[in-house]
Structure formats: C-alpha cells, structure tokens
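Chain letters run A, B, ... following the sequence lines, proteins first and then strands; every chain starts at 1. Being a predicted model, the structure only gives us computed values, none of them experimental. The analysis underlying the following values was restricted to heavy atoms, covering all of them including side chains, and did not include hydrogens, waters or symmetry mates.
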Number of protein chains: 4
Amino acid sequence: MNSRSICNEFLHLKRTDLREAILEAAQQLLVREGYGSLTMRHIAQRAGCSVGSLYLYFERKEGLLFALLDRAQERLAERFFAPEIQSITDPRQRLQALARAYVDFGLTHPEAYEVLFMLHPRELASYPEERLEQAYRLLDPIVEAIDTYVQQHQLEMPDVRVAAVAFWSALHGIVSLLLAGRLARLRLEVDRDALIEQAIRQAMGGLCQRMRPKNNRTA
Amino acid sequence: MNSRSICNEFLHLKRTDLREAILEAAQQLLVREGYGSLTMRHIAQRAGCSVGSLYLYFERKEGLLFALLDRAQERLAERFFAPEIQSITDPRQRLQALARAYVDFGLTHPEAYEVLFMLHPRELASYPEERLEQAYRLLDPIVEAIDTYVQQHQLEMPDVRVAAVAFWSALHGIVSLLLAGRLARLRLEVDRDALIEQAIRQAMGGLCQRMRPKNNRTA
Amino acid sequence: MNSRSICNEFLHLKRTDLREAILEAAQQLLVREGYGSLTMRHIAQRAGCSVGSLYLYFERKEGLLFALLDRAQERLAERFFAPEIQSITDPRQRLQALARAYVDFGLTHPEAYEVLFMLHPRELASYPEERLEQAYRLLDPIVEAIDTYVQQHQLEMPDVRVAAVAFWSALHGIVSLLLAGRLARLRLEVDRDALIEQAIRQAMGGLCQRMRPKNNRTA
Amino acid sequence: MNSRSICNEFLHLKRTDLREAILEAAQQLLVREGYGSLTMRHIAQRAGCSVGSLYLYFERKEGLLFALLDRAQERLAERFFAPEIQSITDPRQRLQALARAYVDFGLTHPEAYEVLFMLHPRELASYPEERLEQAYRLLDPIVEAIDTYVQQHQLEMPDVRVAAVAFWSALHGIVSLLLAGRLARLRLEVDRDALIEQAIRQAMGGLCQRMRPKNNRTA
DNA sequence: GATGAATGAGCGTTCATTCAT
DNA sequence: AATGAATGAACGCTCATTCAT
C-alpha cells in the first residue's frame with residue numbers, strides 16, 4: 001500500500017462527497033433547466049468543480065445519467081418499502097397508500113421521477129439490462145397489493161399483473177401531466193391536491209368495475 | 001437538368017411538396033431518434049434537401065415544430081369528430097369509443113402524440129397561446145361524453161371536468177408508457193391490445209366507483 | 001426584330017426604373033444599416049423585386065457596389081461644377097464654396113459619400129482602374145482653386161497638388177468623423193454647423209500659414 | 001506528447017500566450033483582410049488554435065474586439081504621454097510633436113487605429129460607455145496643447161475645444177486616407193512623409209488664421 | 001424580364017471529451 | 001485527485017449565387 005492509497009483512504013469521505021455533489025447538481029439542473037440544458041459544463045459549475053473532474057467519477061455523461069437513475073430507484077424503493085406502508089394490513093388501504101406514495105414521490109422528487117419514467121429510453125439505450133429490470137420490479141408492491149385486494153374481495157380479474165400495469169399507468173399519467181405543467185392551462189376549478197385525490201380514486205375504482213359487468217357493458 | 005430534378009420527376013414530387021416532406025422527415029426523426037436528434041441538418045438530410053431550404057418554408061426551427069403541432073392537432077380532432085364516433089348515442093359507448101380513438105391515435109401517430117403531449121413545454125415556450133389552448137380544447141369531447149354519462153347514470157361526481165382530466169390522464173399514462181417503450185420489458189403474459197383494453201376498462205370503471213362509496217372508503 | 005425586342009423597347013422605362021430602384025435601395029440600406037447588413041436579400045426586399053432580378057442588372061454584388069460608386073461620383077461632380085460655384089471669380093471664395101459643397105455633399109448624401117470615400121478599398125478591389133481614377137479627378141476643381149488662390153496671393157507653396165490633398169484630407173476628416181457619429185460623444189458646446197464652419201476655416205487658414213514662416217516656426 | 005506540444009515547445013510559446021496570439025491574429029486579419037473577413041474561424045486558423053479555444057479567452061467575438069480596442073487605446077496613450085513629448089515646453093512644438101505622434105501611431109499601428117477610429121460604431125454598439133469615453137479622452141493632450149498655444153500667442157479663438165476637434169479631424173483625415181490606400185493612386189510628386197508633413201503644417205497653420213479675419217472673410 | 005426555389009459554404013457558438021500537468 | 005486548456009464536431013442560421021420556369 002503506497003502513499004497514494006493511504007491518501008485515498010484518508011480522503012475517502014471527500015471523494016464520496018464530490019460524487020454526490022455532482023449527482024445533486026445534475027439532478028437539480030435536469031428538473032430546473034431540462035434535459036437540453038444538462039451539459040457537463042453546467043453540472044461542473046453547479047457542483048463547484050472542474051469539467052474534467054466529472055470524468056473521474058463517471059466515464060461519460062451517460063454513466064452520470066445512469067447513476068441518477070440508480071439513485072431515483074433507491075428513493076422510490078425506500079418509499080414503497082417504508083414501515084408505514086408495509087404495516088397496513090387492509091389491502092385496499094395499502095394500495096391506496098402505495099398510490100399516494102407514488103404520486104407524492106413523483107411530485108416531491110421531480111428530478112428522480114423524470115429520470116426514472118420520463119427520460120426517453122433512447123437517452124438510456126445502454127443502461128445495463130439488469131439495472132433497468134430492477135427498476136420495473138419496483139412495481140411488485142403494487143402487484144402484490146392488487147393481488148391481495150382482488151382475492152379478498154373476490155373480484156374477477158383475468159391477469160393481475162396487467163391490472164397492476166394499467167393501475168400504474170393511470171398514476172403515471174397524472175404525475176407526468178402535472179410535472180410537465182400541462183394541466184396548468186386547463187383552468188380547473190379545483191386545486192392540485194383535489195385533482196390528484198380524484199385521479200387516485202378513479203384508478204382504484206377502476207379495479208373493481210368488473211364486479212358488475214352485465215349492467216355496464218351494453219347499457 | 002441535374003440529378004435532383006431527375007430524382008424529383010421520378011418520385012413524382014412537386015417542389016411545393018417539399019414542405020410536406022420536411023414535416024414528414026421531422027416527424028419521423030422526432031419519434032425514431034428523439035428530440036435531441038431533431039436537428040436542422042438531420043431533417044434536411046432525411047427530407048432530401050439542403051439546410052437552407054428548410055428556411056424557405058419555416059422561419060426558424062421553432063416554427064417547424066409549431067407546424068408539427070398544428071398537424072397533430074388536426075389529426076386528433078379528425079379522430080374525435082369522426083362520424084363513427086359522433087353517431088354513437090349511448091354516452092358510455094361513445095366515451096369508450098373516444099378513449100379507444102385517443103389511444104389508437106397516440107399509437108398510430110406517435111410523432112403527433114409525442115409533439116402534442118410528450119414534448120417538454122420548454123421546447124414550445126413561444127408556441128402561440130391561442131393555438132395551445134385550442135390543443136387542449138380537444139379534450140372537450142371527452143368532458144361532454146363523461147358529463148352525459150354521469151347525468152344519465154345519476155352518478156355522484158363533484159366536478160365533471162376534474163373527472164375528465166383524471167380520465168384523460170389515465171389514457172395518457174398508458175399511451176406514453178407504451179410509446180416510450182417502458183412496458184416492453186415487463187414481459188406481460190398478454191399482448192399489447194389486451195393491455196390497452198384493460199387500461200381503458202379500468203379508466204371507465206373508475207368513473208362509476210362513487211356509486212358505493214361508503215363500504216370502500218373507510219373500510 | 002422579334003416580339004421580345006419590341007416588348008423590351010416598350011418596357012424600356014420600366015426596366016430603367018427597376019435598376020434605379022435597386023440602386024436606391026442599396027444606397028439607403030448602406031447608410032442606414034451599414035455594410036454588414038447590405039445583403040442581396042435586403043436590397044431586393046426594399047427594391048420590391050426578387051433576389052434573382054438583381055442579377056439581371058448586375059452581374060454580382062460587387063458590380064452593384066460599383067454602380068453605386070459611379071452614381072456618387074456623378075452627384076459630387078454635379079456639385080463641384082455647378083454654375084453657382086463656377087461663376088465665383090475670387091479664388092478664395094471659390095475655394096471656400098467648394099469646401100462647403102464638399103462637406104455638405106458628404107452630410108446630405110451620406111450613402112454616396114460612404115461609398116466613395118469610406119468603403120474600404122478591399123471591397124472595391126476589382127473596381128475598374130479608369131473609373132477609380134476618374135473619381136479622384138474630382139479633386140481637380142480644388143487643386144485649380146488653390147492654385148489660383150496661391151498665385152493671386154503670391155503665397156509660397158512647394159507643391160500645390162500636395163497642398164490640395166492635405167486640404168481635402170482635412171475636409172474628409174471632419175465629414176467622416178461626423179458621418180461615423182464619432183463626435184456625438186464629445187459633448188461640444190457648439191452645434192454641428194459651427195463645428196463644420198470652424199473646420200473649414202482652419203483648413204483654409206492652413207493654406208496661407210507659409211506667409212509668415214519666420215515668426216511661427218521657431219517661436 | 002502530440003505534435004502541438006512539440007510545436008509549442010519549439011516556438012517557446014507558453015499556453016498563456018495564446019490570448020496574445022489570438023489578439024495579434026485578429027489585429028493582422030483586421031488590417032490585412034478587413035472587418036468582413038474577421039471571422040472566428042480565420043482568427044483561430046491564423047492564431048494556430050481551434051475555434052473553441054477562442055472562447056476560452058473571450059466570451060464572444062464582440063469581447064475580442066473590445067480587447068483589441070483596449071490595447072489600441074493603451075498604445076496611443078503611451079505615445080501621447082511619452083517623456084519625449086511631455087518634456088517639450090514650447091506649446092507650438094509640443095502640439096506639432098503630438099500631431100506627428102498621432103499620425104505616426106496611425107500609420108505604424110494601422111490595426112489599432114482602424115479599430116479605434118475607423119471601425120463603424122455599429123460594430124461596437126455594446127462597447128462599454130466608460131471605455132469608449134476614455135478613448136476619446138485621449139484627445140485631451142491635444143486640447144491642452146492648443147489651449148496653451150492659443151493663450152501664449154494671444155490668438156482669437158471662440159472655443160478651444162472646437163478648434164481642437166477640427167485640428168484632430170484634419171489629422172484623422174490624412175491618416176484614414178493613407179490607411180485606406182486612397183492616396184496611392186494620386187501619383188503625387190512628393191513622397192508620403194512630405195505629404196504628411198504638409199498636412200500637419202496646414203493643420204497647425206489653420207489654428208492662427210483668425211489673426212487677420214477682417215480682410216479675408218468678406219472680401 | 002422576372003421569379004422563387006434551391007444550394008453549398010460559411011457564420012458565431014456550444015458541445016462532450018481528452019490529456020498534460 | 002483534480003485541473004484547465006484544448007479540440008473536432010455539431011449546433012441553428014444566413015449568405016451570395018444559380019437556374020428552370
């Protein structure tokens with residue numbers, strides 16, 4: 001072990017700090033200025049380091065984005081597996097809690113959400129397959145909750161995973177529209193929270209519509 | 001007579017059609033390569049003309065994007081106001097037809113949908129206000145259909161516009177996830193059409209969940 | 001003589017008019033927007049014709065500039081050889097009248113002056129030698145007036161042509177500084193006309209300073 | 001170690017000197033090829049660096065021009081405040097020395113002169129006001145010298161500042177005509193230096209012409 | 001005679017990336 | 001570990017000029 005290694009160990013905390021600072025800077029820039037303004041120059045400037053330093057921690061810009069994705073995944077996972085939610089036994093309430101957690105996560109961590117679900121896959125073409133699949137495994141809690149819910153209420157449902165994806169897509173719809181600011185111009189009479197609550201209500205309501213199929217389908 | 005003229009004759013392309021060719025090229029590029037690759041050089045190359053020619057038909061890149069938006073609006077409007085849908089009298093069936101038309105529009109005209117609903121508003125900052133509001137007025141048929149549906153079925157619903165937006169956001173969710181290719185890796189057991197059908201079913205089912213609110217909300 | 005020639009004769013006036021309109025447009029643009037903004041597009045737009053039409057009357061942009069030069073020469077010549085000036089017999093008064101005419105010409109026809117004396121020779125590199133020399137022959141009236149003046153007052157003067165050039169350069173100095181707007185910031189207490197009058201006075205005064213060389217040179 | 005490093009070592013050029021090399025290149029281009037050819041690409045090529053490197057030292061092209069102006073100002077100031085001139089006590093001789101210094105400065109530093117006094121103000125529209133006024137304050141030594149001269153010789157002169165501007169404009173006239181090469185074709189019998197000397201003589205002679213106004217003005 | 005569509009070259013500028021120090 | 005100087009390629013855009021009609 002030469003002096004450089006020693007130095008590295010000694011500086012270990014600082015090293016990690018700069019890496020984090022870079023990721024934070026990139027995240028902030030992404031959500032504030034948009035992907036088009038997410039340049040290495042700006043990241044370095046906001047992180048308070050030189051451009052070259054970025055390449056000490058990330059091989060290329062793409063790798064930096066991948067790291068952002070990893071972070072975002074972790075944060076969403078923390079939400080989904082939090083004791084507050086896991087301790088809810090009633091499947092409907094747990095599903096509702098998960099839905100709220102998802103939307104809340106998207107709105108309070110727009111940068112993470114944007115990276116996770118709104119960045120075009122093109123930009124992440126070479127994101128390792130395994131890490132990407134891991135991302136979508138975040139849906140498992142929703143699948144499980146729906147499964148339990150369906151079984152308990154004896155609902156008819158051909159494929160619970162399909163229902164879960166449809167449920168998730170409804171949540172993604174409201175989050176992405178809100179994040180993109182597309183609902184601002186609609187001049188709704190209700191505030192944002194009421195809209196969200198209604199969207200969640202409808203998403204959950206959609207899960208049990210199969211109970212009375214006869215009256216509705218051909219009415 | 002140079003090679004271009006020959007080519008043009010061969011392709012039966014009048015020069016006036018170059019404007020359309022440019023828009024087509026831009027649309028294809030946008031959906032295939034992403035906004036980041038939507039450069040004037042690429043558009044010109046794909047349209048088979050020089051960069052300068054783009055500026056004969058569009059004042060700036062922004063104007064070209066705006067024209068794309070206008071086209072997309074027209075196409076969606078054609079779908080929504082088609083006789084096949086307008087002739088449906090049953091409000092539920094008409095709503096379902098609108099939902100299917102919306103999703104189908106998004107999937108068969110991904111470039112239009114992407115421009116309309118997935119491009120970041122930042123890129124369209126100077127899109128004329130009136131034309132943008134006109135775009136969102138495309139949602140009116142959905143609002144009306146839901147309104148009729150709710151009244152006919154005597155459903156409780158605090159604000160039909162909010163419900164319509166939530167309904168729309170569910171549709172947008174499934175379309176945007178499909179377009180972004182985010183559902184490809186989930187290895188669902190059903191095909192794409194079944195997933196869409198289920199998503200629409202849940203979105204519609206969500207509209208009538210308020211009929212039995214007491215047992216579910218606080219159970 | 002075919003029908004085309006007949007047509008040409010018939011339209012002869014119109015043709016000449018367009019040529020004049022182009023030159024006028026170019027002149028106005030040159031003085032209002034500067035050489036950097038003197039583009040064929042702008043000229044055509046202001047002249048109310050198409051870009052291609054410019055090339056019917058001028059082989060290239062350079063040729064158009066040359067024509068501007070020719071016009072400017074003619075205008076200055078008209079001033080210098082006007083009866084009002086030619087009829088002045090007193091050499092000093094004629095010289096003064098010429099000086100005033102020169103400065104007035106520069107200030108009232110800035111576009112012509114700019115083309116004649118302020119455009120960088122680089123831009124006129126291929127201006128035909130003969131036409132350029134003809135331009136500088138415009139100085140002849142000044143030379144003659146000074147010559148008569150010197151002889152009449154029996155002034156000592158080694159080379160009257162050199163004196164004339166120096167005299168002219170003083171006039172050019174004040175005109176070019178005024179045209180370029182460089183004197184605007186000096187916040188002089190006098191108005192423009194007084195400054196011009198003083199400049200002319202000094203230029204003329206400089207011609208007779210050799211009369212009393214002893215007291216001045218070594219004082 | 002690539003070829004550039006070798007070249008740099010060979011030329012004993014430190015990297016910090018690149019800024020100077022860029023300014024030198026720009027100066028040469030400006031005077032040799034004209035403002036129209038003063039492009040960032042040409043500057044980079046002549047300076048032996050890439051285009052991007054220009055932007056390491058100057059925020060924009062305009063900033064590069066401003067730096068040129070600053071340099072030119074300094075050089076002229078050095079001339080005017082040189083001990084050789086400041087030590088001259090006789091006001092007439094000092095004025096003559098200043099005039100010679102001015103003309104000599106213009107002819108030996110044509111690039112500086114062109115930037116300072118011949119570039120169209122349009123190109124320098126956003127040059128900071130203070131720095132521009134500082135440029136024109138360079139004329140102060142001339143004003144002072146004339147003032148002293150006038151007082152000592154008890155000349156009549158309504159406004160010494162106006163006289164100074166007229167004096168300066170005479171100098172500017174000869175310098176700008178020489179720099180623009182407009183006098184080359186006149187085929188004068190005297191050489192350039194004699195012409196300059198005569199122009200200065202006339203400019204100075206003009207300052208004392210008010211001594212005998214009565215006989216001349218209305219004759 | 002007149003047009004307008006078209007182009008290739010070039011403009012100022014910014015980008016992700018490299019590398020000697 | 002960290003830097004900052006440097007670059008080639010690409011960006012959106014404008015130019016003078018050509019040419020079939």
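Of the candidate nucleotides F:dA5, E:dT7, E:dT18, E:dT7 has the atom nearest to the side chain of B:C49. For A:K61, the side-chain atoms get nearest to E:dA16 when compared with the rest of E:dT14, E:dA16, F:dA2. Among the nucleotides F:dA2, F:dG12, F:dT17, the one closest to the side chain of B:M40 is F:dG12.
The side chain of B:Y57 places no N or O atom within less than 4.0 Å of a non-bridging phosphate oxygen (OP1 or OP2) of E:dA5. The side chain of D:R60 contributes an N or O atom lying less than 4.0 Å from OP1 or OP2 of E:dT13.
A distance of 12.5 Å separates CZ of A:R60 from CG of A:L65, quoted to the nearest 0.5 Å. One finds the CG atom of A:L56 at 7.5 Å from the OG atom of A:S50 (value rounded to the nearest 0.5 Å).
If you measure from atom CG of B:L18 to atom P of F:dA20, you get 18 Å, rounded to the nearest angstrom. Atom CZ in D:R19 sits about 17 Å away from atom C1' in F:dA6, given to the nearest Å. With rounding to whole Å, C:Y55 atom OH is found 13 Å from F:dC19 atom C1'. When rounded to the nearest whole Å, the span between CZ of D:F58 and P of E:dT14 equals 15 Å. If you take CD of C:E59 and P of F:dA16, they are 17 Å apart, rounded to a whole angstrom. D:I22 has its CD1 atom 9 Å from the P atom of F:dT7, to the nearest Å. Atom-to-atom, CD of B:Q45 to C1' of E:dG8 comes out at 15 Å; the value is rounded to the nearest Å.
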D:E24/D:R19 under side-chain contact (heavy atoms from CB on, under 4.5 Å): CA gap, chis, key distance, verdict: CA-CA 9 Å; D:E24 270 302 313; D:R19 196 188 131 97; over 6 Å; no
B:R46/B:R32 under side-chain contact (heavy atoms from CB on, under 4.5 Å): CA gap, chis, key distance, verdict: CA-CA 12 Å; B:R46 188 173 285 258; B:R32 292 186 197 169; 3.2 Å; yes
Test log, rule side-chain contact (heavy atoms from CB on, under 4.5 Å), inputs A:Y35 and A:L29: CA-CA 8 Å; A:Y35 182 78; A:L29 269 174; over 6 Å; no
Chi angles and distances behind the side-chain contact (heavy atoms from CB on, under 4.5 Å) call for C:I43, C:F58: CA-CA 12 Å; C:I43 295 172; C:F58 306 97; over 6 Å; no
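Between C:E62 and D:L54, the one whose closest nucleotide on DNA chain F sits nearer the 5' end is D:L54.
No more than 12 heavy atoms of other residues, nucleotides or ligands lie within 6.0 Å of CD in A:E59, so this atom counts as exposed by the packing criterion.
Taking the side chain as every heavy atom from C-beta outward, B:E114 and B:Q27 never approach each other to under 4.5 Å. At a threshold of 4.5 Å between non-hydrogen side-chain atoms, the residues B:E62 and B:Y127 do not count as touching.
A:R131 and A:Q73 form no side-chain donor-acceptor contact under 3.5 Å, judged by distance and modelled atom types alone.
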Nucleotide pairing, DNA chain F (Watson-Crick or G-U, distances under 3.5 Å), in dot-bracket with [ ] and |: .||||||||||||||||||||
Between the protein and nucleotides 8-10 of chain F, list every N/O to N/O distance that falls short of 3.5 Å.
none

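Nucleic acid contact for A:I43: none, since no nucleic acid atom lies under 4.0 Å from a heavy atom of the residue. The residue C:L38 sits close only to the backbone: its heavy atoms come under 4.0 Å of sugar-phosphate atoms, none of a base.
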